[in-house]
Number of protein chains: 2
Amino acid sequence: MARLTLEDVGALAGVSRSTVSRVINNESSVRPEVRARVEAVISQTGYAPNAAARSLASNRTGVIGLVIPSHVSNLFEDPYFARLIQGVTLGAKQISSTLTLFLFESEEEEREVSPRVVESGFLDGVIVTATRPGNSLMRKIATTDLPLVAIGRPGIDGVPYVDVDNRAGAFQAASFLRENGYERCGYIGGPLNTSTGEDRLAGFIDGLAEFDSALPNDLRAFGDFSETSGYDAMSELLDHSPDAVFAASDGMALGAIRRIHDAGLSVPDDIAVVGFDGFTVGETSEPSLTTLEQPVSATGSLAVEMLHEILGGRSTPISPSVLPVELIRRASA
Amino acid sequence: MARLTLEDVGALAGVSRSTVSRVINNESSVRPEVRARVEAVISQTGYAPNAAARSLASNRTGVIGLVIPSHVSNLFEDPYFARLIQGVTLGAKQISSTLTLFLFESEEEEREVSPRVVESGFLDGVIVTATRPGNSLMRKIATTDLPLVAIGRPGIDGVPYVDVDNRAGAFQAASFLRENGYERCGYIGGPLNTSTGEDRLAGFIDGLAEFDSALPNDLRAFGDFSETSGYDAMSELLDHSPDAVFAASDGMALGAIRRIHDAGLSVPDDIAVVGFDGFTVGETSEPSLTTLEQPVSATGSLAVEMLHEILGGRSTPISPSVLPVELIRRASA
DNA sequence: CGCCAACGATAGAGCGCTCCCAATAATGAA
DNA sequence: TTCATTATTGGGAGCGCTCTATCGTTGGCG
């Protein structure tokens with residue numbers, strides 16, 4: 001069967017195109033009786049409005065984009081992105097939008113694809129994960145009038161964003177370790193050109209400072225959030241005999257634990273380990289992981305909500321939202 | 001600046017709408033000189049065609065959907081879906097399409113959202129992960145004329161699909177274990193109402209049969225592919241003292257190992273373990289995991305390719321594609 | 001009984017693009 | 001030189017929807 005149009009449905013229901021349109025868009029001023037008649041025809045015929053025509057006429061598409069810039073696609077084994085996508089999907093569903101996904105593998109790809117995406121009017125708005133403050137793609141999008149919300153601190157003025165409280169979380173990790181008597185606390189961080197990398201380091205340093213201790217350079221090592229990078233970073237730290245380590249991701253924390261075990265030491269007796277993420281892997285690891293749980297899925301949903309508000313045409317600027325993280329105490333510290 | 005239209009660009013270049021359209025769509029019969037002039041204007045102005053208008057006129061959207069039915073969203077911690085999405089994204093990029101993601105959390109949601117998706121003409125085609133043969137959503141889509149490719153054996157006639165060779169992989173696992181002298185091989189499977197669950201069990205049984213051994217019922221246990229379900233399943237098997245276990249996912253294999261360790265036994269000395277997936281977690285586990293590596297990302301890309309062929313209007317039906325899996329021998333067996 | 005308001009429903013005019021056909025220019029053959 | 005033929009180009013007609021201005025009805029009220 002050929003696809004039905006509004007006009008067809010109208011003919012079947014004995015009303016005009018416009019009336020059917022009103023029924024579909026739930027506008028008032030349709031007599032209940034007429035509305036019922038039209039709705040009956042719609043459900044009988046299984047009519048569904050043509051998305052393209054609707055977008056063309058209304059200038060809205062009901063589609064939002066989730067952009068994950070190039071430098072993270074390797075990290076895709078990280079449950080973080082899976083959860084984030086899940087959260088965004090959830091949020092999108094709530095506002096009856098569909099989600100399109102843009103993963104980039106190189107900056108070149110970003111340059112190539114983004115105009116097509118940004119300028120084509122295909123998207124009502126876009127959410128960009130801001131792993132690197134000042135990311136060029138985001139900067140470019142910010143100059144257009146495409147509604148934009150960042151996930152993570154974007155480092156660009158005027159871009160609304162939602163982030164988790166990395167700083168407070170890391171601060172809490174430091175306090176926790178010091179309060180439990182650990183003296184030589186080491187740090188395994190993420191890349192410093194990411195906002196999470198920066199913030200967690202800063203928070204940890206602040207937290208230690210609160211207890212009048214510092215974070216010497218030789219007790220700092222950096223990875224890329226992955227297990228193996230945590231393992232390698234721990235190798236460096238071992239030379240400087242820490243009695244505790246805070247890793248900026250669960251993955252790195254587990255890598256660190258593996259390295260500690262390989263050195264014949266025990267966790268937490270010889271070295272305590274605290275992670276950051278709160279993923280399920282930490283529940284079943286040996287020992288189970290003390291970690292800071294961040295609400296990843298909620299972050300995604302909230303970003304969509306913020307975008308929705310912007311799309312709704314609110315004029316006052318939206319202030320950033322920073323979600324709390326929570327210390328989950330398990331066996332590793 | 002207001003958004004430019006074809007007409008505007010034409011005016012700037014001194015040609016008509018139609019000519020600009022031809023240039024953009026790379027059609028022949030435009031004088032090179034004119035083409036250059038138009039292209040100059042386009043790049044100067046940053047003009048990008050309006051996606052909705054284009055779709056409306058051409059009846060193609062350049063959008064494909066990836067549908068993940070309800071019953072798997074819990075399993076989202078599983079790297080499988082992350083990789084699959086990555087592969088599909090890659091494939092989509094290759095054919096200059098954008099990817100939209102549909103995750104469902106309940107069958108009700110499927111029923112509710114799917115008409116909007118399927119009938120609105122918003123998608124050129126759709127890829128559905130077929131975790132359960134005969135899934136109702138897929139069955140419904142199959143009756144429409146929306147081009148469809150399944151990932152995994154769909155259990156519906158005439159639906160083209162791409163799958164990994166679960167059967168051969170499990171067969172290989174059985175052979176491997178028997179050849180290495182293991183006598184009492186246990187099995188930890190996925191849900192039997194999934195095609196992977198079915199196929200891996202069948203292949204394993206066949207493989208054992210090749211060595212004149214059977215798979216008694218008390219050496220079978222089932223989980224949902226997750227780590228914890230593997231742990232629980234292993235608890236059941238332990239009562240029947242297997243000397244080897246084949247788990248239908250890496251996650252369950254790791255859970256099984258944890259359970260074995262908790263029982264004070266060693267892997268592989270007391271009980272050997274073989275997984276299925278080939279994810280990176282198995283590289284760093286203790287002991288590292290012998291497993292069957294499946295090409296997840298390639299599966300996704302290939303599905304897109306198949307869809308593309310269908311969209312290209314080939315008339316001959318497309319035959320299913322089954323990708324090989326490979327045994328990676330590490331330390332656990 | 002007539003007038004006006006309020007409501008309900010309709011038709012017209014696009015949205016920006018593709019597709020098709022007609023018009024024009026350019027080319028070559030006779 | 002002229003006419004047929006081909007290579008380019010332009011314009012019209014929609015694609016199916018939304019939005020706005022308009023028209024017809026009904027009902028309340030003086």
Side-chain angles (χ1 to χ4, degrees), chain A residues 1-39 41-42 45-63 96 115-116 119-124 311 313, chain B residues 1-39 41-42 45-63 115-116 119-124 313:
Chain A
M1 63 192 171
R3 179 153 279 135
L4 290 174
T5 73
L6 267 192
E7 202 90 45
D8 300 332
V9 174
L12 288 173
V15 297
S16 78
R17 187 173 26 114
S18 312
T19 302
V20 181
S21 174
R22 275 198 212 85
V23 169
I24 286 177
N25 294 301
N26 248 315
E27 286 169 32
S28 51
S29 72
V30 176
R31 233 171 33 220
E33 163 207 334
V34 174
R35 176 182 295 272
R37 190 146 38 93
V38 172
E39 275 168 350
V41 172
I42 289 178
T45 58
Y47 166 79
N50 178 295
R54 185 178 260 204
S55 308
L56 182 58
S58 68
N59 217 22
R60 276 173 287 106
T61 63
V63 178
S96 318
R116 213 179 59 202
E119 306 289 348
S120 68
F122 173 62
L123 298 176
D124 281 347
L311 296 179
Chain B
M1 60 190 175
R3 179 153 281 135
L4 290 174
T5 73
L6 266 193
E7 202 90 46
D8 299 332
V9 174
L12 287 173
V15 297
S16 79
R17 187 174 29 113
S18 308
T19 302
V20 181
S21 173
R22 281 195 200 90
V23 169
I24 286 177
N25 294 302
N26 248 314
E27 285 168 31
S28 52
S29 73
V30 175
R31 237 171 32 216
E33 163 208 335
V34 174
R35 177 181 294 271
R37 190 146 37 94
V38 171
E39 277 169 347
V41 172
I42 290 177
T45 57
Y47 166 79
N50 179 295
R54 185 177 258 204
S55 307
L56 181 58
S58 69
N59 217 21
R60 277 172 286 108
T61 63
V63 178
R116 214 178 59 203
E119 306 290 347
S120 69
F122 174 61
L123 297 176
D124 281 347

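Order of the sequence lines sets the chain letters (A, B, ...), proteins ahead of strands, with each chain counted from 1.
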Applying side-chain hydrogen bond (donor to acceptor under 3.5 Å, both in side chains) to A/S21 and not counting sequence neighbours gives A/N25
Can you find a side chain N or O atom of B/R54 that sits less than 4.0 Å from OP1 or OP2 on C/dT18? yes
Give the minimum heavy-atom separation between A/V30 and A/R22, together with the two atoms involved. CG2-CB, 3.7 Å
By side-chain contact (heavy atoms from CB on, under 4.5 Å) - contacts of B/A53 (at least two apart): A/L56, B/N50
Please report, rounded to the nearest Å, how far the C1' atom of C/dC19 is from the CZ atom of B/R60. 11 Å
Sequence neighbours excluded, which residues qualify as side-chain hydrogen bond (donor to acceptor under 3.5 Å, both in side chains) partners of A/S120? none
Looking at residues at least two apart in the chain, or sitting in another chain, which of them share a side-chain contact (heavy atoms from CB on, under 4.5 Å) with B/N59? none
For chain B and DNA chain D, what are the first and last nucleotides along the strand, 5' to 3', with at least one atom under 4.0 angstrom from a heavy atom of the protein chain? D/dT8 to D/dG16
Go through the structure and list residues passing side-chain hydrogen bond (donor to acceptor under 3.5 Å, both in side chains) with A/T61, not counting sequence neighbours. A/D124
Tell me the interatomic distance from B/E27, atom CD, to C/dC20, atom P, rounded to whole angstroms. 10 Å
Exercise answer: donor-acceptor pairs, residues 13-20 of chain B side-chain atoms, under 3.5 Å, sequence neighbours excluded:
unit_1, atom_1, unit_2, atom_2, d
B/S16, OG, B/S18, N, 3.2
B/S16, OG, B/T19, N, 3.4
B/R17, NE, B/E7, OE1, 3.3

With sequence neighbours left out, write down each residue that passes salt bridge (charged side-chain N to carboxylate O under 4.0 Å, His left out) with A/E27, or none if nothing qualifies. none
Just by modelled atom types, is the A/E119 backbone N or O under 3.5 Å from a matching donor or acceptor in the B/R3 side chain? yes
Taking the nucleotide of DNA chain D with the closest heavy atom to each, which residue, B/E7 or B/S58, is nearer the 5' end? B/E7
Rounded distance in Å - CG (A/L56) to P (C/dA13): 17 Å
Among residues 15-24 of chain A, which residues get a heavy atom nearer than 4.0 Å to DNA chain C? A/V15, A/S16, A/R17, A/S18, A/T19, A/R22
For B/R60, give me all partners under salt bridge (charged side-chain N to carboxylate O under 4.0 Å, His left out), at least two apart in sequence or on another chain. none
Between B/A53 and A/N25, who's closer to the 5' end of DNA chain D by nearest nucleotide? B/A53
The helix from C/dC1-D/dG30 to C/dA30-D/dT1: angle between end helix axes, five pairs per end, rounded to 10 degrees: 50°
For B/N50 and for A/G14, locate the closest nucleotide of DNA chain C by heavy-atom distance; then report the residue assigned to the nucleotide nearer the 5' terminus. A/G14
Residue list, side-chain contact (heavy atoms from CB on, under 4.5 Å) with B/L123, at least two apart or on another chain: B/V63, B/T100, B/F102, B/V117, B/V126, B/L146
